[in-house]
Amino acid sequence: MTGAEQEGASVPASSKGSWSSFLKSMASFNGDLSSMTAPAFILSTTSLTEFSAYWAEMPRLLVAPAKEADPQKRALLVLKWFLSTLKQQYASRNEKLGSEKKPLNPFLGELFMGKWEDEEGTTQLISEQVSHHPPVTAYSIWNSKNGVRLQGYNAQKASFRTTINVRQVGHAILHLDKWNEDYLITLPALHIEGLIGGSPYVELNQSSYIVGSNGFTSRIDYSGKGWVSGTKNSLKAIMYPHGKEKSKDDVIYKAEGSWTDEFVIKDAKKHVVETYNAKKEPKTALKVAPIEEQDPLESRRAWKKVADAILKGDMNTTGAEKTVIEEHQRALRKKEQAEKKEWERRFFTRANSVPILDKLIKEVPYGSIDADQTNGVWVFDSEKAKSAQPAFSEIP
Ligand SMILES: CC(C)CCC[C@@H](C)[C@H]1CC[C@H]2[C@@H]3[C@@H](O)C=C4C[C@@H](O)CC[C@]4(C)[C@H]3CC[C@]12C
């Protein structure tokens, strides 16, 4: 049991039996998170397609690099924005719901769309489930006013060894139109803490990278509360010119602190150049169309009956409504197989190669694209998007 697991247990009394059976069943876990059957109290009503929104809940920080003329500072602002997204991505459910929950497993073609409107103009989000086996979610987020585009996709490879360990496969690319600059962002590994006590939460581990086409790389190292020492949700990051990861003298900036609380970024002279407080930073609310106006493939509409049943704690209806969705999906796959066709993704296309990705990944030690693990390399297809959604005519 890790230090964090000794903290307060929170399995409802009526669910103690199902939680201990779940924990026992994890010993033979096959690594496919979508096939994991968890007890009712730990089920979330939110699908993984919605998680793509965590990248842009603070549009001001996302677009800040586009406004900076100095390339080195731009790379620094990209690092600051990325670090600011971590709390939303990995701790927001824990904070909002009291623990991490098991998200709904998206079906192929599931969509989640929305926008943020604030002083930075409109920031648009499209998220689409581009693969079911393995589960892969792709997304595109753009702010035309500031010429900022983020796109990426991800899958999770899980294993069980004392807890659930998850490696993320995939990446994101941030593009700044004004500077014709790209940043390749790799995704951190994570594990679940607090499993035995029934209050699961995410802790990040190992390292992730941000590689800029302007010659600067950032490496972020994650650590948490270990057996004996350590602080929850800790991070340390360094920014250096490409190829100089091992040279201490070449470190341009250093970040240190917590991704759920405060971190500071200092220059080589140890002067504070940026500070961030995750608890104080204001967020912009994401606007999503009312359910009745949504496309039938949109997440909240498609999962409504399942989500309502989960909220009522009605497991029979939850199971029955999930089966309706699964059987419909099976019928679609069967039809496609008979017609020798593949499901047409609405906004994304499988690419043979993405030159900027192939170039920047070389700066990541042991980095590889792992296309076989994500059913391909997925890119946002602006032509498809314009014809599917005429409102997106401003996409470059
Ligand atoms: C709680 C437990 C019993 C079930 C395990 C749930 C498991 C499938 C969940 C838990 C945390 C989830 C991560 C989440 O922290 C954040 C992200 C970032 C997002 O951009 C992509 C999805 C991902 C990796 C979630 C995947 C599903 C996880 C591992």
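Order of listing sets the numbers, starting from 1, for every ligand and every atom in it.
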N/O separation below 3.5 Å, Q156 to ligand 1
no

Which atoms of ligand 1 are found less than 4.0 Å from any heavy atom of P200?
1 (C)

Ligand-side contact atoms (ligand 1) for residue partner Q168, heavy atom cut-off under 4.0 Å
24 (C)

Would E274 and K266 count as a salt bridge (charged side-chain N to carboxylate O under 4.0 Å, His left out) if you check the C-alpha gap in whole Å, the side-chain angles of each, and the deciding distance to 0.1 Å?
CA-CA 7 Å; E274 289 288 339; K266 293 180 182 168; over 6 Å; no

Indicate the ring-plane relationship of W55 and F82, choosing parallel, tilted or perpendicular according to the 30° and 60° boundaries.
tilted

Atom 15 (O) of ligand 1 has as its nearest protein heavy atom R93 NH2, 2.8 Å

Return the closest protein heavy atom for atom 10 (C) of ligand 1 as residue, atom name and distance.
E100 CG, 3.5 Å

Could you list which atoms of ligand 1 come closer than 4.0 Å to a heavy atom of L33?
8 (C)

Any idea which part of Y54 is under 4.0 Å from ligand 1, heavy-atom wise: side chain, backbone, both or neither?
neither

Against heavy atoms of V202, which atoms of ligand 1 measure under 4.0 Å?
11 (C), 15 (O)

Given salt bridge (charged side-chain N to carboxylate O under 4.0 Å, His left out), test D370 with R167 step by step and report yes or no.
CA-CA 12 Å; D370 282 346; R167 183 171 73 87; 3.6 Å; yes

Below 4.0 angstrom, N of the basic side chain to O of the carboxylate: do E262 and K280 qualify?
no

Ligand 1 atoms in contact with F22 (distance to a heavy atom under 4.0 Å):
3 (C)

Under 4.0 Å between a Lys/Arg side-chain N and an Asp/Glu carboxylate O for D314 and K305?
no

